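Report on the structure given below.
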Amino acid sequence: MSPTSETAKGGRRLVIVESPAKAKTIKGYLGPGYVVEASVGHIRDLPNGAAEVPAKYKGESWARLGVNVEKDFQPIYVVNHDKKDQVKKLKELLAESDELFLATDEDREGEAIAWHLQEVLKPKVPVRRMVFHEITKDAIQAAVASPRELNKKLVDAQETRRILDRLYGYEVSPVLWKKVMPRLSAGRVQSVATRLVVERERERIAFRSAEYWDLTGIFDTGRPGDNSDPSTLTARLASVDGKRVAQGRDFGSNGRLKDAAQVLHLDEANARALAAALADASFAVRSVESKPYRRSPYAPFRTTTLQQEASRKLGFGAKATMQVAQKLYENGFITYMRTDSTTLSDTAVNAARAQVTQLYGANYLPEKPRTYAGKVKNAQEAHEAIRPSGDRFRTPAETGLSGDQFRLYELIWKRTVASQMKDATGNSVTVRIAGRASDGRDAEFTASGKTITFHGFMKAYVEGADDPNAELDDRERRLPQVTEGDPLAAREITADGHATKPPARYTEASLVKELEEREIGRPSTYASIIGTILDRGYVFKKGTALVPSFLSFAVVNLLEKHFGRLVDYDFTASMEEDLDRIARGEAQAVPWLRRFYFGEGTEGAAGGAAEAGNGDGDHLGGLKELVTDLGAIDAREVSSFPVGEGIVLRVGRYGPYVERGEKDSEGHQRADVPDDLAPDELTVEYAEELLAKPSGDFELGTDPGTGHQIVAKDGRYGPYVTEILPEGTPKTGKNAVKPRTASLFKSMSLDTVTLEDALKLMELPRTVGTDAEGVEITAQNGRYGPYLKKGTDSRSLETEEQLFTITLDEALAIYAQPKQRGRAAAKPPLKELGTDPVSERPVVVKDGRFGPYVTDGETNATLRRDDDVETITPERGYELLAEKRAKGPAKKTAKKAAAKKAPAKKTAAKKTAAKKTAAKKTTTAKKTTAAKKTTAAKTTAKKTTAKKVAAAAESAAE
DNA sequence: CAGTGAGCGAGCTTCCGCTTGACTT
């Protein structure tokens, strides 16, 4: 039955797909009678935070998780805030339809979206599940003609995955807040990604370079050369007296030969001596070996390979690639860009083959279409490979595109066309040349070449290489046509020194490749994984390299030591296997989750759940147990790394620093480590340098009055100047002398402040005079800015300059005015919300330390994230107050009372934050390149935010 | 991570995967 005959019956069908662009295309294939609309991804999810948890669950201990861990891990689902309108639209469309087709992607997530749609839309008309893997008219019409049922087991597998990720992320992250720094995060994917980067850096730190030498000879055939037969060839020394000369690959990461007996390690002296001994030797061709060469085209693009190639060839980051691809997709130039499949539809194969013939000739077209087996182990293959759309590919010139879109399209087009072309063939040749040195040793040189006789797919496309020195596939290297026994003259023999290099750092593209190989992450998330670990400050970019921060060393260290099972590289792969079993009905979700969360030995535990080892034998502790008792996690230990010579690097709540000796002991030293220092660059020497001259100090000179040195520093509350007291000045005890200090004015900055400024600032507080009763009035600079102080009576000043200029008369005039209460108190409420129905008091919105809040004069409640001062309704205000009253006043435990002291400081920190960021930016800019600057500024900005919060959080790391 | 003066009370951070705009810079 065709769609049109159905329409004739007058039925109207609603088809829901995931992507609006897809909806648009499909609409054209289905014709009238079908309404096609998109869900625009997932429509429901677990609540994000407390604000999204429905009121009836608010009091539950597990509400924070959004999963009832006490009752079979029942999830709470809420319609995503940004999907409310879309859901409403879908409901309206459904009301006018006689049949519903859930046409979401055919993978785990797509099945779940379909199920959520069904749950939310509550259709009263027949519901069908329809699936297709390619968007062609035939495929769509076939799909609509043969719908199936919703696969609830697959939905279960998705839900299990979702719950595991939530439990992992929301249980482990708080451990990091307590033990390392607030706002950090851990997750199944990001933590392993971070660990990979850290582990690579550890290898680099442990790496010991090896030096080795060899010889390069330029040999002459004695014939005049031409393009196909050059007259010289360059060959490298391969062996001496039959013993192979050591090359880079013969050395281990410890700088030693892997097998010293098998190879000859030449040092500089030996190499030079051999070169000299070969200076007058005569050489001849010992052998010529020729082998056929053959290379097959690369598979069409999937998400990861597109990201890698766009990085290598176009210099795009993963995010940029996806953004450009999205535009191409939306405008109908390419197929869907988030895919793990390399399969081309028949339509696409035909289009590619037609284009091969047309552009390169039939000679380049293989007899049969090429197919590419899926390389990706957990591929869900819901989509095609990434290719030009349509049944006839537009050449790049025909698209009318320009800029990045043009370049990315061209890349995709070439790769797709090349994937349906013939192999490249040719010959690879190895020539061995021998000569006898004056000391009698036999030296053998080798040279290898490659000629391509038929370029095949290389006519259209050659893959890029990560290593700039690597040879591309299509590079020819011609050797002279020589045969065994031909005499050769050595024109030049030189000794060359080499050093082994540490393993290269990951780039965005190579990390994504690694993650894909380990089955971690999905096409839709690869780019955002990079974004997450950058945002958290776990890694930063140096050129294209991803460099782990010291912070990430501390985090990974903690996770490896205490959550080893969770950051095991095979955790996700093992989880995937289990999820597949759940999807097949061979395992059940609840026992599996129970085992993960509560551990082994709980009743009904299913076998096999992601148990890759912490090496703790039989007992498999559940996640719950691990996050409950944190006593075993020594915050100081996990964030300490020995540098050498008694110096330790520590990751504190304010960032990394180096330290020598115990705090408050003789000879204790401490210095900040720059945020953008690569861990493998922290040597003992550099640490000594940092300790000798603490970073952030600007020496301004000597105070002529006291002889004390004056420095400008960047402190907890912003930039300030202070004096350095001479050695031996008691810092503690009753004779303690405290150095004079003063905050910089807002108009000053750390790197421009002068000694003169500093001395003037340190004169503060200034005595302005005394009032009629003889009480002294002083002018000071405090945490709320400049102010006057008379006994306990203080008054704010308008400008910092007034601290120096205000006269006694002016001060007295200010005191003659009634005291202005604080700014907030003096300010009228932001908004009035009428009278609260419960307390019958007037409700107003005020601005406070923690942002806007509603109050009836008795109960206060902070506005939630989704509330807005402008739009808040009186009803919402009463609701917030009612919630707050229900919750009761905060318990005044010892811990809370202690924490209470901190917020007072926070306001000051907030105030100086902007100044501070600006100051740091400029100082950093001096030392770094433009590229670094952005990273540094970003890190600084983030760090400042972290500082604010850190002030309020309980201190643990130090 | 210096050390000062007042106001008013905490609440939230965090995961992975599906999708696009709606925002600002």
Side-chain angles (χ1 to χ4, degrees), chain A residues 18-21 38-43 45-46 48-51 64-65 80 82-83 86 104-105 107-110 112-113 158 161-162 164-174 176-177 182-191 326 330 338 521-525 528-529 532 536 652-655 657 670 672 694 696 713-718 720 722 738-739 741-743 765 780-784 787 789 792-796 819 821-826 846-851 853 855 859-862 864-865 884 889-890 896 899-900 903-905 907-908 947 949 952-953 958:
Chain A
E18 291 181 34
S19 150
S39 73
V40 199
H42 274 292
I43 55 155
D45 192 10
L46 300 175
N48 229 326
R64 182 180 65 82
L65 300 169
N80 298 3
D82 56 338
K83 296 292 165 55
Q86 193 63 19
T104 49
D105 296 347
D107 56 18
R108 204 162 60 207
E109 297 296 329
I113 293 174
Q158 189 277 346
R161 198 269 319 144
R162 180 67 191 92
L164 174 126
D165 282 331
R166 168 52 64 90
L167 294 175
Y168 185 143
Y170 274 36
E171 290 286 27
V172 181
S173 298
L176 299 180
W177 305 342
R183 287 174 184 275
L184 295 179
S185 62
R188 173 174 59 81
V189 171
Q190 59 167 293
S191 293
Q326 175 85 27
E330 283 170 13
R338 292 186 274 263
R522 301 281 314 138
S524 66
T525 62
S528 60
I529 295 166
T532 299
R536 296 282 170 273
R653 301 185 88 79
Y654 310 108
Y657 60 94
R670 188 184 253 203
D672 268 346
K713 286 182 164 192
D714 195 13
R716 173 88 164 70
Y717 304 113
Y720 67 103
T722 188
K738 289 202 165 179
T741 60
S743 286
Q780 328 194 7
N781 199 14
R783 78 173 178 229
Y784 305 106
Y787 68 104
K789 185 175 172 168
T792 55
D793 194 5
S794 64
R795 303 294 169 90
S796 286
K819 182 171 168 80
R821 300 282 295 170
R823 228 179 296 153
K846 286 186 168 184
D847 197 18
R849 256 191 312 195
F850 308 115
Y853 65 103
T855 177
T859 310
N860 304 316
T862 308
R864 300 296 198 273
R865 202 178 39 193
K884 187 62 195 296
K896 286 240 170 174
K900 259 193 152 171
K905 287 183 179 175
T907 322
K947 280 189 186 189
V949 183
E958 288 183 70

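Worth saying up front: this structure is predicted, and the values here are computed from it rather than measured. Here is how names work: the chains are called A, B, and so on, in the same order as the sequence lines, proteins then strands, and each is numbered from 1.
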Within the structure provided, determine whether A:Gln190 and A:Ser185 are in side-chain contact (heavy-atom separation under 4.5 Å). yes

Contact class for A:Gly521 (heavy atom, under 4.0 Å): base, sugar-phosphate, or nothing? sugar-phosphate

Closest heavy-atom pair and its distance - A:Asn781, A:Tyr787: C-CE2, 4.1 Å

Does A:Arg522 have a side-chain nitrogen or oxygen under 4.0 Å from the phosphate oxygens OP1 or OP2 of B:dC18? yes

A:Trp177 over B:dT14, stacked by centroid distance under 5.5 Å, angle under 30°: no

Side chain of A:Arg64 only, heavy atoms from C-beta on: which candidate in B:dT14, B:dG5, B:dT19 is closest? B:dT14

So what does A:Ala38 hit on the nucleic acid, given a heavy-atom distance under 4.0 Å: a base, only sugar-phosphate, or nothing? nothing

Rounding to a whole Å, what distance do you find between A:Arg536:CZ and B:dC16:C1'? 13 Å

Nearest-Å distance for atom pair CG/C1', residues A:Leu164 and B:dG17: 14 Å

Name the closest nucleotide to the A:Ile113 side chain, picking from B:dC18, B:dT20, B:dA2. B:dC18

A:Pro182 side chain: which of B:dT13, B:dT19, B:dC18 is closest? B:dT13

Heavy-atom nearest nucleotide on DNA chain B for A:Gly187 versus A:Pro523: which residue maps closer to 5'? A:Gly187

Looking only at side-chain N and O atoms, does A:Ser524 come under 4.0 Å of OP1 or OP2 in B:dC18? yes

So, are A:Glu171 and A:Arg64 salt-bridged, with charged N and O less than 4.0 Å apart? yes

Touch check for A:Pro174, heavy atoms < 4.0 angstrom, all strands: base, sugar-phosphate only, or nothing? base

Can a side-chain donor-acceptor contact be found between A:Arg338 and A:Ser524 if the only test is distance below 3.5 angstrom? no

Determine: side-chain N/O of A:Ser185 to OP1/OP2 of B:dC15, distance under 4.0 Å, yes or no. yes

Spacing of A:Lys83 atom NZ relative to B:dA22 atom P, expressed in whole Å: 14 Å

Per-residue pairing states of DNA chain B in dot-bracket (Watson-Crick or G-U under 3.5 Å; . unpaired, | other strand) read .........................

Side-chain-base donor-acceptor pair under 3.5 Å for A:Arg338 and B:dC18: no

From B:dC1, B:dG17, B:dC15, pick the nucleotide closest to the side chain of A:Asp672? B:dC1

Under the 3.5 Å rule, do the base of B:dC15 and the side chain of A:Asn48 count as making a donor-acceptor pair? yes

Within the structure shown, what part of the strands sits under 4.0 Å from A:Leu184 by heavy-atom distance: base, sugar-phosphate, or nothing? sugar-phosphate

Kindly indicate whether the side chain of A:Arg162, heavy atoms from C-beta on, has any atom under 4.5 Å from the side chain of A:Asp45. yes

Are any non-hydrogen side-chain atoms of A:Pro182 and A:Arg653 less than 4.5 angstrom apart? yes

A:Thr855 side chain to A:Asn860 backbone, donor-acceptor under 3.5 Å: no

Out of B:dC18, B:dC16, B:dC1, which nucleotide sits closest to the side chain of A:Arg188? B:dC16

Figure out the OH/C1' separation between A:Tyr720 and B:dT4, and round it to whole Å. 14 Å

With the side chain defined as heavy atoms from C-beta on, A:Arg183 is closest, among B:dG5, B:dC16, B:dT13, to B:dT13

Of the options B:dG5, B:dT20, B:dC18, whose atoms approach the side-chain atoms of A:His42 most closely? B:dC18

Compare side-chain N and O positions of A:Arg108 against OP1 and OP2 of B:dC18 and report whether any pair is under 4.0 Å apart. no

N/O donor-acceptor pair under 3.5 Å between A:Gln86 side chain and A:Ile43 backbone: no

Those residues at least two apart in sequence (or on a different chain) that pass side chain to side chain donor-acceptor pair (under 3.5 Å) with A:Arg108 are A:Glu576

Picking from B:dT14, B:dT19, B:dG3, the nucleotide nearest the side-chain atoms of A:Pro20 would be B:dT19

For A:Asp165 and B:dC18, give me the distance from atom CG to atom C1', rounded to whole Å. 13 Å

Do any side-chain nitrogens or oxygens of A:Gln190 fall under 4.0 Å of OP1 or OP2 in B:dC15? yes

At 4.0 Å (heavy atoms only), tell me whether A:Gly41 reaches a base, stays on the sugar-phosphate, or touches nothing. base

Is the phosphate of B:dG17, meaning OP1 or OP2, less than 4.0 Å from a side-chain N or O of A:Thr525? yes

Sugar-phosphate, base or nothing in reach of A:Gln326, heavy atoms under 4.0 Å: sugar-phosphate

Regarding B:dC16, can its base be found pairing with the side chain of A:Arg161 as donor and acceptor, where the two atoms are less than 3.5 Å apart? yes

Touch check for A:Arg162, heavy atoms < 4.0 angstrom, all strands: base, sugar-phosphate only, or nothing? base

Within the structure, does a side-chain N or O atom of A:Ser19 lie under 4.0 Å from either OP1 or OP2 of B:dT20? yes

Once you apply a heavy-atom cut-off of 4.0 Å, does A:Arg166 come out as touching a base, just sugar-phosphate, or nothing? base

Using a cut-off of 4.0 Å on non-hydrogen atoms, how would the nucleic acid contact of A:Tyr170 be classed: base, sugar-phosphate, or nothing? base

Interatomic distance, A:Gln86 CD vs B:dC18 P [rounded to whole Å]: 19 Å

Taking atom P of B:dC16 as reference, at what distance in whole Å does atom CG of A:Leu167 sit? 13 Å

Taking A:Ser173 for the side chain and A:Ala186 for the main chain, is one N or O donor matched with an acceptor at less than 3.5 Å? yes

Given 3.5 Å as the limit, does a donor-acceptor pair link the side chain of A:Thr525 with the main chain of A:Gly521, or not? no

Base, sugar-phosphate, or nothing for A:Asp105, non-hydrogen atoms under 4.0 angstrom? sugar-phosphate

Euclidean distance, atom CD1 of residue A:Ile529 to atom C1' of B:dC16 [Å, nearest integer]: 9 Å

Hey, does A:Glu109 reach any base, or is it just sugar-phosphate, or nothing, if we go heavy atoms under 4.0 Å? sugar-phosphate

